[in-house]
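Right, one structure below, let's go through it.
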Amino acid sequence: MRFHTRKWVKPEDLNPNSSLFGGRLLAWIDEELALYSVIQIENQRIVTKHMSEINFVSSARQGDIVEIGIDVLKFGKTSLTLTCQVRNMMTREVIIIIEQITMVGLDDEGRPLPHGKTHIEYIEDRLNQ
């Protein structure tokens, strides 16, 4: 799993229990998945089609730093299937696991658009082209 983004848990990110609000964490995850997908399939029109069961394992508190990790499971014709894990850098605990997320690239009319990609491309791959 490659960890891409870190977020600092601030007071505005907390729920009434003084822990990280799950909706805020899911918004961070969805944004990171979209950014990752845009870069991989080179299409800015990305939507989240599906998320499997979302498993909250532990929580985070104000001042904690969380890290979002993503791995590619497979490339579809118009989609990218990912897995995600978020961990707390302070406690070293896993906060959330999402086994499968499907992101789909769309054309200008909102229809799925084939992307022709078959594997992960890293920055160095693109710089060498």
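Just so it is clear, the structure is predicted and the values come from calculations on it, not from any experiment. Worth knowing before you read on, the calculation uses all heavy atoms, side chains too, and leaves out hydrogens, waters and symmetry mates.
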In one Ile/Leu/Val/Met/Phe/Trp/Tyr side-chain cluster, 4.5 Å: Ile41, Val38: yes
Side chains of Lys117 and Leu80 in contact at under 4.5 Å (non-hydrogen atoms): no
Check: Leu14 and Phe21 side chains under 4.5 Å, non-hydrogen atoms: no
Side-chain H-bond candidate by donor/acceptor type, Thr48 with Asp30, under 3.5 Å: yes
Any Glu32 side-chain heavy atom under 4.5 Å of Trp28 side chain: no
For Val66 against Ala60, the heavy-atom pair lying closest together: CG1-CB, 3.9 Å
Straight-line distance of Ile101 CD1 to Leu73 CG, nearest 0.5 Å: 8.0 Å
Over 12 non-hydrogen atoms of neighbours within 6.0 angstrom of CZ in Phe75: yes
Beyond-backbone contact of Ile29 with Val86, side-chain heavy atoms, under 4.5 angstrom: yes
Heavy atoms of other groups near Glu53 CD, more than 12 under 6.0 Å: no
side-chain contact (heavy atoms from CB on, under 4.5 Å) assessment of Tyr36 paired with Thr5: CA-CA 11 Å; Tyr36 186 85; Thr5 297; over 6 Å; no
Donor + acceptor pair across side chains of Thr81, Gln100 (<3.5 Å): no
Pairwise side-chain contact, Ile46 with Leu106, heavy-atom cut-off 4.5 Å (strictly under): no
Val104-Ile70 co-clustered via ILVMFWY side chain contacts under 4.5 Å: no
Exceeds 12 heavy-atom contacts within 6.0 angstrom, atom CD of Gln44: no
Salt-bridge criterion met for Lys7 and Asp13 (N-O under 4.0 Å): no
Non-hydrogen atoms of Gln40 and His119 that approach each other most closely: OE1-O, 4.1 Å
Any side-chain heavy-atom pair of Glu99 and Asn55 under 4.5 Å: no
Straight-line distance of Asp71 CG to Met1 CE, nearest 0.5 Å: 4.5 Å
Backbone N/O of Ser19 and side chain of Asn15: donor-acceptor pair under 3.5 Å: yes
Distance (rounded to the nearest 0.5 Å) between Lys74 NZ and Thr118 OG1: 14.0 Å
Trp8 side, atom CH2; Gln62 side, atom CD - distance, nearest 0.5 Å: 9.5 Å
Smallest separation among heavy atoms of Leu33 and Cys84, with atom names: CD2-CB, 4.5 Å
Shared hydrophobic cluster, Leu35 / Leu26 (ILVMFWY, side-chain heavy atoms < 4.5 Å): no
Single-linkage hydrophobic cluster, 4.5 Å side-chain cutoff, Val57 and Ile54 together: no
Co-membership, hydrophobic cluster, residues Ile68 and Tyr122, 4.5 Å side-chain: yes
Evaluation steps, side-chain contact (heavy atoms from CB on, under 4.5 Å), between Ser37 and Leu82: CA-CA 9 Å; Ser37 299; Leu82 308 164; 3.7 Å; yes
Heavy-atom side-chain contact between Leu20 and Asp64 under 4.5 Å: no
Derivation and outcome, side-chain contact (heavy atoms from CB on, under 4.5 Å), residues Ile96 and Gln85: CA-CA 6 Å; Ile96 192 171; Gln85 183 181 98; over 6 Å; no
CG on Asp107 to CG on Asn43, rounded to 0.5 Å: 8.5 Å
side-chain contact (heavy atoms from CB on, under 4.5 Å) between His115 and Lys77, worked out: CA-CA 6 Å; His115 52 68; Lys77 188 172 112 178; over 6 Å; no
Flag side-chain contact, heavy atom, 4.5 Å: Ile98 against Ser52: yes
Donor-acceptor contact below 3.5 Å, side chain Arg24 vs main chain Glu12: yes
Spacing of CZ belonging to Arg61 relative to OG belonging to Ser18, to within rounding of 0.5 Å: 6.5 Å
